[in-house]
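Below, chains carry the letters A, B, ... as their sequence lines are ordered, and counting in each starts from 1.
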2 protein chains.
Amino acid sequence: MDDARILVVDDDKEIAGAIEKLLNLEGYEVIKAYNGLEALDAIVANNIQLILLDIMMPKLDGLSTTLKIRESKNIPIIILSAKSEDSDKILGLSMGADDYITKPFNPQELTARVRSQLRRYLQLGGMGKALCSSQVVIGGLCLDTDKKQLMVDGDLVRLTAKEYKILELLMSNPGIVFSAERIYEAVWNESAYSVENTVMVHIRRIREKIEINPKEPNYLKVVWGIGYKIEKL
Amino acid sequence: MDDARILVVDDDKEIAGAIEKLLNLEGYEVIKAYNGLEALDAIVANNIQLILLDIMMPKLDGLSTTLKIRESKNIPIIILSAKSEDSDKILGLSMGADDYITKPFNPQELTARVRSQLRRYLQLGGMGKALCSSQVVIGGLCLDTDKKQLMVDGDLVRLTAKEYKILELLMSNPGIVFSAERIYEAVWNESAYSVENTVMVHIRRIREKIEINPKEPNYLKVVWGIGYKIEKL
DNA sequence: TATATTTGTTAAGAATTTTTTAAGAATTTC
DNA sequence: GAAATTCTTAAAAAATTCTTAACAAATATA
C-alpha cells in the first residue's frame with residue numbers, strides 16, 4: 001500500500017499544494033497537474049496509481065478528463081469539486097469516476113477515501129504495470145499489443161480484429177478461465193443474452209493459427225462447462 | 001453469468017423494501033437481511049456481489065459486521081447511515097467499507113455508487129469470491145477461483161463444472177454444514193423440491209478426486225441426517 | 001462494381017458431464 | 001436386535017457442451 005503515486009489535478013495551485021502536503025504526510029508520492037490536458041500527459045509519463053481530479057478547470061474539465069482517461073486506463077479516480085449538487089455526483093460516477101468528495105473537505109475523509117480506493121486497486125495486482133510493456137509472451141506465442149501483431153515461434157501470424165481481441169483478453173490473463181459469455185461481452189462490448197457458438201467458432205480459428213495440432217491444443221484450452229483459457233507455462 | 005446479486009441490510013424493513021424496489025428497477029437481484037447476524041448468514045448462503053449496510057442495527061451493528069465480513073470476503077460494502085458526521089465516514093472506510101452514503105439519500109446517487117462499485121469488482125471476474133487471493137486453502141487442498149483449478153498436495157486435479165461449484169461452496173465456508181438441498185439450490189440455482197441423490201453422487205466423485213481413501217474421507221465429511229461439510233483444519 | 005476477407009449461422013457428430021436407477025452399507029431409532 | 005432411515009457406490013442412460021465443416025452474410029479492399 002505504501003509508495004503509491006497519486007496525481008492531483010486542480011487549477012488552484014494553493015489547493016493542489018495543500019493536498020500534496022496532506023498526502024505526503026501519509027507517505028504517498030504526489031504529482032501535480034493544473035488542467036485536464038496536463039493530467040493526461042502526466043498519466044502517460046508517470047506510473048500513477050490514483051487520481052484526485054477537480055471538476056472546474058480550464059482547457060479540459062474534470063468530467064471530460066475522466067472520460068478520456070477511462071478510454072484506456074482503469075486507475076481509480078476520485079472527483080473533487082465545490083459543486084455539491086447530487087446531479088454532479090451522479091454525472092461524475094457515471095463517467096467512470098470511483099468516488100466523489102465535495103469541497104471543502106475534511107482532510108481525514110480525503111485520506112480515508114484515498115486509502116480505500118488504493119486498497120481495492122492494488123489488490124487487483126496494479127494493472128497499470130501490465131500496460132507498460134506492450135508484449136505478452138506465453139511459450140512460443142508473443143503478442144504485441146501496440147502493433148496488434150502475433151508471432152508464433154518467431155513467425156508473424158495474421159489475426160483478424162476479433163481473433164486479436166479474444167487472444168489479447170486470454171493472453172493478458174494467462175491461466176484465468178473466461179466463459180464464452182464473458183469473452184463475448186468483453187470483445188463485442190454488448191451483453192450476450194443468447195450465447196450462440198460464435199465465440200467457439202472464433203476459438204477454433206485462433207487454434208488453427210496458433211496450435212500445431214488444433215485438435216489437441218497446447219495453448220488455448222477448454223475447461224468443460226466453464227470456459228476457455230490460455231495455459232500459463 | 002446472471003445479473004449482480006445485492007444484499008441490503010437495514011433493520012427498518014420499509015427502507016430495505018424501498019431500496020429493494022429501486023435496485024430491482026435497475027435489474028439487480030436483491031436479498032434482504034434485518035441485522036448483522038442475518039447478513040452474515042445471507043452472505044454464506046448466497047452468492048452476493050455487493051452489500052448495502054446500515055450502521056445502526058440491533059444484534060450486530062454495521063461497523064462490526066463490516067469487520068466480520070472483511071475477515072473472509074472482499075465483496076464491495078457500501079455503508080448507508082443516518083449519521084452524517086465525518087468521523088463515522090472515516091471509521092466506516094477504515095473498517096474496510098468501500099463507500100459511504102448518508103441517509104436520506106438521493107436514489108440516483110445510490111444506484112450510481114452501486115454501479116461504480118460493481119463495475120470495479122466484476123471487472124477481473126470476481127463473482128462473489130474472495131478476490132484478494134483468489135485461492136482457498138484447506139490442508140492439502142488449494143482451490144483457485146480464477147483458474148477454476150484444484151491442487152491436491154501439489155498435483156493438479158481436474159474438476160467438472162458441478163464438482164467445482166460444490167467444492168467452492170464448501171471450501172469457502174469450512175466447517176459449515178450444508179444440506180443436500182442447500183447445496184442443490186446454491187449450485188443449480190433452482191429450488192430443490194425433490195432432492196434426488198444427484199448431490200450425493202457428485203459428493204462421491206469429488207471424494208474420489210480429493211481423498212486418499214474415499215470411504216474414510218478426511219476433508220469432505222458427512223454429518224448424518226444434516227448434510228456435508230469440509231473439515232476446517 | 002467486383003473481389004477478397006472477415007464474421008456469423010447452422011447443423012451433425014464427438015466428447016464429456018450429469019442424472020437416474022437400483023442395490024448394498026452404515027447409522028439411528030424404536 | 002429389528003426396522004427405518006440415510007448414505008454410499010456403480011453402472012447405464014440421458015443430457016449437455018464442445019468441435020468441426022461448410023455455407024451465408026456482412027464488411028472491407030481493389
Side-chain angles (χ1 to χ4, degrees), chain A residues 148 150 157-168 170 177-231, chain B residues 1 148 150 157-170 177-229:
Chain A
K148 315 287 177 196
L150 176 70
V157 169
R158 277 173 52 89
L159 291 176
T160 70
K162 289 279 179 333
E163 286 164 5
Y164 172 82
K165 281 192 176 180
I166 293 173
L167 196 55
E168 186 187 349
L170 296 177
V177 183
F178 291 83
S179 71
E181 281 101 340
R182 257 184 88 197
I183 293 174
Y184 192 90
E185 282 168 7
V187 171
W188 275 256
N189 250 333
E190 50 186 81
S191 52
Y193 10 75
S194 74
V195 182
E196 297 303 327
N197 76 349
T198 304
V199 172
M200 290 174 181
V201 172
H202 281 278
I203 293 285
R204 171 90 223 300
R205 291 184 182 140
I206 294 172
R207 277 177 174 161
E208 247 164 16
K209 293 182 178 180
I210 68 173
E211 303 283 0
I212 298 166
N213 176 10
K215 303 205 180 198
E216 285 189 15
N218 278 313
Y219 296 115
L220 212 177
K221 302 216 168 173
V222 68
V223 178
W224 260 81
I226 302 183
Y228 295 93
K229 66 170 176 179
I230 285 281
E231 195 76 88
Chain B
M1 202 180 307
K148 314 288 178 197
L150 175 71
V157 169
R158 276 170 48 93
L159 292 176
T160 70
K162 289 271 154 47
E163 286 164 6
Y164 171 84
K165 282 192 177 176
I166 293 172
L167 195 54
E168 187 189 357
L169 176 68
L170 296 178
V177 182
F178 290 84
S179 70
E181 281 98 342
R182 247 179 106 193
I183 293 175
Y184 192 91
E185 281 168 7
V187 171
W188 276 254
N189 249 335
E190 51 186 79
S191 52
Y193 4 79
S194 76
V195 181
E196 298 304 327
N197 79 348
T198 303
V199 171
M200 290 173 181
V201 172
H202 282 281
I203 293 285
R204 170 87 224 300
R205 294 200 180 120
I206 294 171
R207 277 176 173 161
E208 242 164 19
K209 293 183 179 181
I210 68 173
E211 303 284 0
I212 298 166
N213 176 10
K215 304 205 181 198
E216 285 189 14
N218 279 313
Y219 295 115
L220 212 176
K221 303 218 167 171
V222 68
V223 179
W224 260 80
I226 302 184
Y228 296 93
K229 66 169 177 179

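Within the structure, every pair that satisfies the salt bridge (Lys or Arg N to Asp or Glu O under 4.0 Å) test and touches residues 197-208 of chain B, not counting sequence neighbours, is listed here: R204(B)-E208(B).
At a threshold of 4.0 angstrom between heavy atoms, the contacts of Y164(A) with the nucleic acid are absent.
A distance of 5.5 Å separates CD1 of I166(B) from CD1 of I203(B), quoted to the nearest 0.5 Å. The OG1 atom of T160(A) sits 7.5 Å away from the CD1 atom of I206(A) when rounded to the nearest 0.5 Å. Between the CD atom in E168(B) and the NZ atom in K148(B) there is a gap of 6.0 Å [rounded to 0.5 Å].
Counting to the nearest Å, the P atom of dT9(C) and the CE atom of M200(A) are 14 Å from each other. Here the P atom of nucleotide dT7(C) and the CG atom of L159(A) are 10 Å apart, to the nearest Å. For E208(B) and dT18(C), the CD to C1' distance is 15 Å, given to the nearest whole Å. One atom, CZ of R204(B), and another, C1' of dT18(C), lie 16 Å apart when rounded to the nearest Å.
Scanning DNA chain D 5' to 3' for nucleotides with an atom closer than 4.0 angstrom to a non-hydrogen atom of chain A gives a first and last hit of dT17(D) to dA21(D).
Between Y228(B) and L220(B) there is a side-chain heavy-atom pair separated by less than 4.5 Å. In this structure, N218(B) and I210(B) have side chains that are not in contact, with every pair of non-hydrogen atoms separated by 4.5 Å or more.
Side-chain nitrogen and oxygen atoms of T160(B) include none within less than 4.0 Å of the OP1 or OP2 phosphate oxygen of dT16(C).
For the pair I183(A) and F178(A), the tightest heavy-atom approach, listed with the atom from each and the gap, is CG1-CB, 3.7 Å.
Taking the charged nitrogens against the carboxylate oxygens, E163(A) and K165(A) have no contact shorter than 4.0 Å, which rules out a salt bridge.
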Given protein heavy atoms under 4.0 Å, the one-letter contact record of nucleotides 19-30 of chain C, with B base, S sugar-phosphate only and - none, is simply BBBB---BS---
